[in-house]
There are 2 protein chains.
Amino acid sequence: MSLYNDSIVDYLIPGNSIDCVIFGYEDQLLKILLLKWKTIDLWALPGGFILKNEDMDKAAHRILKDRSGLDNVFLNQFHTFGNKNRRELLNQNIPKEVESFEKNTIKEHPRLAKWLEQRFITTGYFALVDIKKAKPIPDVLSDTCEWVSVNELPVLIYDHNHIINTCLKHIAIQLNYLPIGISLLPNKFTMQDLQRLYEAFLNKKLERSNFQRKMLKLDIFIRLEKQLTGAANKAPYLYSFNKSKYLELVKKGIGFSY
Amino acid sequence: MSLYNDSIVDYLIPGNSIDCVIFGYEDQLLKILLLKWKTIDLWALPGGFILKNEDMDKAAHRILKDRSGLDNVFLNQFHTFGNKNRRELLNQNIPKEVESFEKNTIKEHPRLAKWLEQRFITTGYFALVDIKKAKPIPDVLSDTCEWVSVNELPVLIYDHNHIINTCLKHIAIQLNYLPIGISLLPNKFTMQDLQRLYEAFLNKKLERSNFQRKMLKLDIFIRLEKQLTGAANKAPYLYSFNKSKYLELVKKGIGFSY
DNA sequence: GCAAAAGTGTTCTCTATACACCCATGG
DNA sequence: CCATGGGTGTATAGAGAACACTTTTGC
């Protein structure tokens, strides 16, 4: 708590914030890193503010590092949310709770408290990270920082559910012309892993055999040994990404006759 | 000039601005609405600020209306620019001129002058408008407000060239899954008009006969009478958009097997 | 008749999609 | 041997690209 003190507001750009939708993949599930606030049962996206002398993208990277311990990660801006009532969009009943919570927990910092009451325009960034390498760290307002499956998202504060939905749509469109997976999957993975990942982003079942062929044709994979799963069926191959070919494909895009 | 007075800053969100890339189509050329500043030869995108009690999207519509006279127009956010040095990105020599210009022309408004000196994070919006219906109106800082072909863009202040380039890339990608034209072209147009429009956004020549077939297959057009152009060749058909089918296609997207 | 642009046709390749088939694995 | 999931094969329909052919127009 003492991390924050009142004078911090002198170093922050007022009225602008950043919220990060941090994706990870684990147990064949697509997950998002969420914070649970102290004392009350409210969830939020990891977020933060921009220093007066800091590029906005840099701030997003800093925030991501503060919550996940990760550096040098795929991080992209996707939308800026500037509705004047965005803090009350969902759950009309919650804002009062939040307000009193904010006021109580930081009452020893009157300037900061006041500062937090202003209207914020927030820019959404999304990150794709290797869940195994991440070390979730709660912020000063939060109890816990944990991975939650996108299929089981709780109700979030403010417009954060809307931010996540916008983000998912954005990524679903990106999948049409960009490969995905290198930052989300472990070094070795099966085609089924990759398919589950795509299905989670697209919110749609895909056909197994065609998916495999389509992916392999991208020519960005290295086929490794087979993996005995212990199940009563044929063992799938493990794959890893051919990083240089992958990055090349990211640069030139998929299927751009344009 | 008296439109602005010092107290206006009390009603504006500090540190946030909006810049609009307003597209029109005329003489078979894709054009952008630009402002030329007073006394010095500097060009800029139409922009403005957000009222403390105004949704950001609403502000973008207001700014668009102030510069073009147009209401109810296709207007979309595409990116937010938050580099700390974004006002000096290009033309290292210009900022000083700009600064003194700003200070001089508004010296009677010291608070406003001071306010304008702060760092701004700007959100880019793009609009597609019918150039025939637009009535360009200069703002208080500008002499003229005019349409400039995207092929002949001047050097713009700050990072405005970068903003335009980002916008063009954004739209080029959108063209893969959204139709375009209804807000840019006049009521009646030829396939060649539409093709020129696409070529301008994609910065690439397209094959005439295939383009026509691909477009017509979208089934969003109404074929009208032929148009005698006076040229020594076959007269092209005129087309108009079937608005309801067009809007339906915008909603469901092109080629989304996903 | 001729040049030029519009409209339509043809051919080839590539992709998407659906589904069939055989293979490996553990019980 | 059987159920299950993995890998590959195949057949069909449609899209994209290149280019040929025919039509219309004004000179």
Side-chain angles (χ1 to χ4, degrees), chain A residues 27-28 172-173 175-179 181 185 188-199 202 204-240 249 252-258, chain B residues 27-28 172-173 175-179 181 185 188-199 201-240 249 252-258:
Chain A
D27 303 331
Q28 308 222 332
I173 289 171
L175 284 186
N176 282 309
Y177 54 94
L178 283 183
L185 296 172
K188 300 178 176 186
F189 54 90
T190 66
M191 273 297 144
Q192 192 191 132
D193 287 324
L194 190 63
Q195 185 174 340
R196 294 268 169 88
L197 186 60
Y198 270 75
E199 289 177 342
L202 296 170
K204 178 179 189 286
K205 287 269 168 240
L206 301 172
E207 211 278 335
R208 180 184 59 89
S209 64
N210 293 330
F211 178 81
Q212 178 152 217
R213 227 188 323 253
K214 182 173 173 176
M215 285 298 132
L216 290 179
K217 194 152 29 180
L218 295 179
D219 190 30
I220 55 174
F221 300 92
I222 301 165
R223 179 176 277 187
L224 307 171
E225 74 279 13
K226 292 193 177 189
Q227 180 195 40
L228 292 177
T229 59
N233 51 43
K234 192 170 176 176
Y237 285 106
L238 289 173
Y239 291 90
S240 66
L249 189 59
K252 84 170 215 280
I254 296 169
F256 264 89
S257 35
Y258 289 98
Chain B
D27 303 330
Q28 307 223 335
I173 289 171
L175 285 186
N176 282 310
Y177 54 94
L178 284 182
L185 296 171
K188 299 177 176 188
F189 54 91
T190 66
M191 273 297 143
Q192 193 191 141
D193 287 324
L194 189 63
Q195 186 175 340
R196 294 271 168 87
L197 187 59
Y198 269 75
E199 289 177 342
F201 278 121
L202 296 170
N203 195 27
K204 178 179 189 284
K205 287 269 168 242
L206 300 172
E207 210 280 334
R208 181 184 58 88
S209 64
N210 292 332
F211 178 80
Q212 179 153 215
R213 225 187 325 253
K214 182 173 173 174
M215 285 299 133
L216 290 179
K217 192 149 34 175
L218 295 178
D219 190 30
I220 55 175
F221 300 94
I222 301 165
R223 179 176 277 187
L224 307 170
E225 74 278 15
K226 292 191 179 192
Q227 179 195 40
L228 291 177
T229 59
N233 51 43
K234 191 169 176 177
Y237 285 105
L238 288 173
Y239 292 89
S240 66
L249 189 59
K252 84 170 215 278
I254 296 169
F256 264 90
S257 34
Y258 289 98

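Convention: sequence-line order gives letters A, B, ...; per-chain numbering from 1. All heavy atoms count here, side chains included; hydrogens, waters and symmetry mates do not.
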Let me know the distance between [atom1] of [X] and [atom2] of [N], rounded to the nearest Å.
X	N	atom1	atom2	value
K204(B)	dG16(D)	NZ	C1'	11 Å
L206(B)	dA17(D)	CG	C1'	12 Å
D219(A)	dT15(C)	CG	C1'	17 Å
N176(A)	dT15(C)	CG	C1'	14 Å
Y177(B)	dA15(D)	OH	P	20 Å
R223(B)	dA6(C)	CZ	P	13 Å
K205(B)	dA17(D)	NZ	C1'	18 Å
L216(B)	dG7(C)	CG	P	9 Å

>> Going by the rule side chain to side chain donor-acceptor pair (under 3.5 Å), which residues pair with R208(B) if we only count those two or more places apart in sequence or in a different chain?
In response: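 In terms of side chain to side chain donor-acceptor pair (under 3.5 Å), with neighbours along the sequence ignored, R208(B) is linked to no residue.
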
> Partners of Q192(B) by side chain to side chain donor-acceptor pair (under 3.5 Å), sequence neighbours excluded?
Replying inline: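 For Q192(B) the side chain to side chain donor-acceptor pair (under 3.5 Å) partners, ignoring immediate neighbours, are R196(B).
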
>> Would you say CG of N203(B) has more than 12 non-hydrogen atoms from neighbouring residues, nucleotides or ligands within 6.0 angstrom?
In response: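 No, not enclosed.
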
> K214(A) side chain N/O closer than 4.0 Å to the phosphate oxygens (OP1, OP2) of dT15(C)?
Replying inline: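 Checking K214(A) against dT15(C): no side-chain N or O falls below 4.0 Å of OP1 or OP2.
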
> Could you write nucleotides 18-27 of chain D as a row of B, S and -, 5' to 3', where a protein heavy atom under 4.0 Å of any base atom gives B, of only sugar-phosphate atoms gives S, and otherwise -?
Replying inline: BB---BBBB-

> What's the closest nucleotide to the Q212(B) side chain, out of dG5(D), dA5(C), dT8(C)?
Replying inline: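 Of all the options, the side chain of Q212(B) is nearest to dT8(C).
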
> If you round to the nearest 0.5 Å, how far is CG of L238(A) from CZ of F221(A)?
Replying inline: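 CG of L238(A) is found 13.0 Å from CZ of F221(A).
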
>> Just verifying a value: how many Å separate M191(B) CE and R223(B) CZ, rounded to the nearest 0.5 Å?
In response: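 Answer for the CE-CZ pair, M191(B) versus R223(B), is 8.0 Å.
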
> Just checking, is any N or O donor in the side chain of E207(A) or S209(A) under 3.5 Å from an acceptor N or O on the other one?
Replying inline: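 Distance-only check passes for E207(A) and S209(A).
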
